[in-house]
Number of protein chains: 2
Amino acid sequence: MMGITRYTRILALFDENRPSLTVAEMSEALETSASTLYRLVREMVAVEMLESTVESHYRLGPLFVEYYRRIVLTDPLIRSGTKFLEPLATQAGVACTAILARLYGKTVMCVAEHRMPAATFKTSYELGRPMPLLRGATSKAVLSSLPKRNITALLADKASEETREALAASFAAIRKFGFCETRSEVDRDLIGIAAPLRNAELGINASVSVIIEARSLTTETQPQIYTAVTATARMIEGFMAEQLG
Amino acid sequence: MMGITRYTRILALFDENRPSLTVAEMSEALETSASTLYRLVREMVAVEMLESTVESHYRLGPLFVEYYRRIVLTDPLIRSGTKFLEPLATQAGVACTAILARLYGKTVMCVAEHRMPAATFKTSYELGRPMPLLRGATSKAVLSSLPKRNITALLADKASEETREALAASFAAIRKFGFCETRSEVDRDLIGIAAPLRNAELGINASVSVIIEARSLTTETQPQIYTAVTATARMIEGFMAEQLG
DNA sequence: ACTTAATTACCGAATATCGATAATTATGGC
DNA sequence: GCCATAATTATCGATATTCGGTAATTAAGT
């Protein structure tokens with residue numbers, strides 16, 4: 001075993017379906033001696049990546065809440081964009097969830113969201129959940145504004161020649177119209193409408209989107225939603241630029 | 001250098017005042033060779049604890065957003081309690097911030113909050129920020145419901161003999177009345193009103209509080225606030241107990 | 001394209017890790 | 001509160017990894 005993966009292998013065991021584990025369970029899952037795991041777990045508890053709880057189980061610890069807070073306080077996109085999500089949802093004029101997502105290394109992730117009480121449907125885009133790169137308006141809008149070489153690097157192992165060309169065409173369309181709309185690409189009967197958002201100086205490639213039910217999109221609501229999304233994107237970009245100082 | 005602290009020392013450099021650093025800056029701050037730091041940073045970028053950004057700076061990465069999500073989805077307290085914060089704030093009937101905090105190892109930390117739009121004042125209790133153990137209604141309420149031996153262990157190195165006795169008395173009072181009220185102990189001219197909250201089977205020791213401005217607490221508003229806080233605590237405990245299955 | 005800075009590769013000495021076993025400390029049941 | 005049992009920590013030698021200096025490579029800015 002080597003490096004930081006000693007620890008991240010352990011962390012990866014904890015998720016929605018497995019909120020807590022014993023050392024014996026980790027030992028089994030990772031095929032590593034209990035002796036070693038007790039030592040690693042002890043280190044992780046000391047730095048609060050894990051916490052010891054009842055019945056010799058361990059859980060994720062407060063370090064993650066603390067560093068999430070640090071990200072919220074320091075990330076230029078989150079700082080500039082979060083406050084516009086509620087107004088965007090209102091302006092859209094239909095039951096929707098407004099989200100802010102960004103490219104983070106090789107994944108697109110939702111970093112802030114505002115769910116209207118009326119938006120009762122369930123979306124896959126959830127705060128902190130890594131999303132597919134090539135499906136959904138949110139992801140496509142992010143990629144569309146990337147320099148070509150970054151796109152090729154990202155897609156190198158992901159897409160065939162033809163899908164790559166299809167994607168290039170759709171990215172060109174997004175750049176032309178200023179937004180992207182997809183239907184049922186991520187969740188059945190849901191539509192995503194997203195506008196790209198970037199700041200080259202800060203190295204941020206992102207998008208702002210609204211997710212609505214397919215039946216909410218009519219010739220009447222359409223223009224209002226498109227305008228709201230693209231206008232919000234420009235606004236957030238403006239605020240990010242101000243933050244440079 | 002040894003163990004996990006190799007990595008956490010680096011993470012600790014990132015905060016509100018230092019959103020991003022170069023390897024040279026880390027090298028300076030940690031008195032470690034750039035050669036070593038480049039290797040460690042590379043590992044951390046690979047697991048998304050850090051992300052590489054413009055001008056050879058590095059930032060905190062998406063792993064923390066992802067694991068924060070996992071905590072939100074799995075922590076019994078957060079799952080049971082968050083939805084009661086908004087009703088609590090409304091029931092309190094004055095401009096307030098409602099928070100859910102818990103003992104996490106050796107620190108009390110706010111794990112969920114609901115700020116009323118009318119609550120314009122600034123509080124030190126913020127999501128993810130470690131709080132002092134011995135000051136403020138929120139922390140005291142958490143400690144008051146702890147078994148005596150745990151309290152002594154926690155206070156071992158923190159308090160003198162006399163403060164320990166004073167604390168023991170205040171904890172007894174909290175247990176008797178079911179809630180705790182402090183004034184200007186954490187933030188000047190702010191009052192915290194907190195009720196303890198625990199579930200022994202889940203090993204959770206927590207509290208639910210409202211923070212208000214001192215002038216909001218009158219003989220008229222008082223009973224309503226006390227009732228709302230203590231009733232909410234009972235309710236959340238009930239929901240946590242249900243989650244055991 | 002060219003210059004400079006950033007990042008990775010390489011390598012020997014020093015150090016930490018692994019995991020089996022033994023010792024200690026919590027924990028749960030009376 | 002005491003005892004049995006499980007959980008956790010300590011020990012230790014062989015082995016693998018880390019450190020950091022320097023060289024090679026890659027990326028960035030002009």
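Hydrogens, waters and symmetry mates play no part in the numbers below; they use all other heavy atoms, side chains included. Numbers restart at 1 for each chain; the letters A, B, ... are given by sequence-line order, proteins then strands.
Rounded to whole Å, atom C1' of C:dT17 lies 16 Å from atom CG of A:Leu30. The distance from atom CG of B:Leu40 to atom C1' of D:dG20 is 12 Å, rounded to the nearest whole Å. With rounding to whole Å, A:Tyr7 atom OH is found 12 Å from C:dA16 atom P. Rounded to whole Å, the distance from CE on A:Met44 to P on C:dT17 is 14 Å. One atom, CG of A:Leu21, and another, C1' of D:dA7, lie 16 Å apart when rounded to the nearest Å. B:Glu31 has its CD atom 13 Å from the P atom of D:dG21, to the nearest Å. Computed from coordinates, the B:Arg6 CZ to D:dG20 P distance equals 11 Å when rounded to whole Å. Between the CD1 atom of A:Ile4 and the P atom of D:dT18 there is a distance of 11 Å, given to the nearest Å.
Contact of the A:Tyr67 side chain with the B:Met49 side chain is not registered, since no non-hydrogen atoms from C-beta on lie closer than 4.5 Å. Proximity of A:Met26 to A:Leu13: side-chain heavy atoms (C-beta onward) are separated by under 4.5 Å at one or more points.
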Side-chain donor-acceptor distances from residues 68-77 of chain B under 3.5 Å, at least two apart:
from: B:Arg69; atom 1: NE; to: A:Glu126; atom 2: OE1; distance (Å): 3.3
from: B:Arg69; atom 1: NH2; to: A:Glu126; atom 2: OE1; distance (Å): 2.6
from: B:Arg70; atom 1: NH1; to: A:Phe14; atom 2: O; distance (Å): 2.6
from: B:Arg70; atom 1: NH2; to: B:Glu66; atom 2: OE2; distance (Å): 3.0
from: B:Thr74; atom 1: OG1; to: B:Arg70; atom 2: O; distance (Å): 2.8
from: B:Asp75; atom 1: OD1; to: B:Leu77; atom 2: N; distance (Å): 2.8
from: B:Asp75; atom 1: OD1; to: B:Ile78; atom 2: N; distance (Å): 3.1
from: B:Asp75; atom 1: OD2; to: B:Arg102; atom 2: NH1; distance (Å): 2.4

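Nearest to the side-chain atoms of A:Thr36 among the listed nucleotides D:dG20, C:dT17, C:dG19 stands C:dG19.
In this structure, the side chain to side chain contact (heavy atoms under 4.5 Å, CB included) partners of B:Ser139, at least two apart in sequence or on a different chain, are B:Val108, B:Tyr125, B:Met131.
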Listed pairs, N/O of protein and of nucleotides 6-10 of chain C, under 3.5 Å:
from: C:dT7; atom 1: OP1; to: B:Tyr58; atom 2: OH; distance (Å): 3.2
from: C:dT7; atom 1: OP2; to: B:Tyr38; atom 2: OH; distance (Å): 2.8
from: C:dT8; atom 1: OP2; to: B:Arg42; atom 2: NE; distance (Å): 3.4

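The only option from B:Leu167, B:Asn205, B:Leu134 that meets the side chain to side chain contact (heavy atoms under 4.5 Å, CB included) definition with B:Leu143 turns out to be B:Leu134.
The CZ atom of B:Arg198 lies 10.5 Å from the CG atom of B:Leu103; values are rounded to the nearest 0.5 Å.
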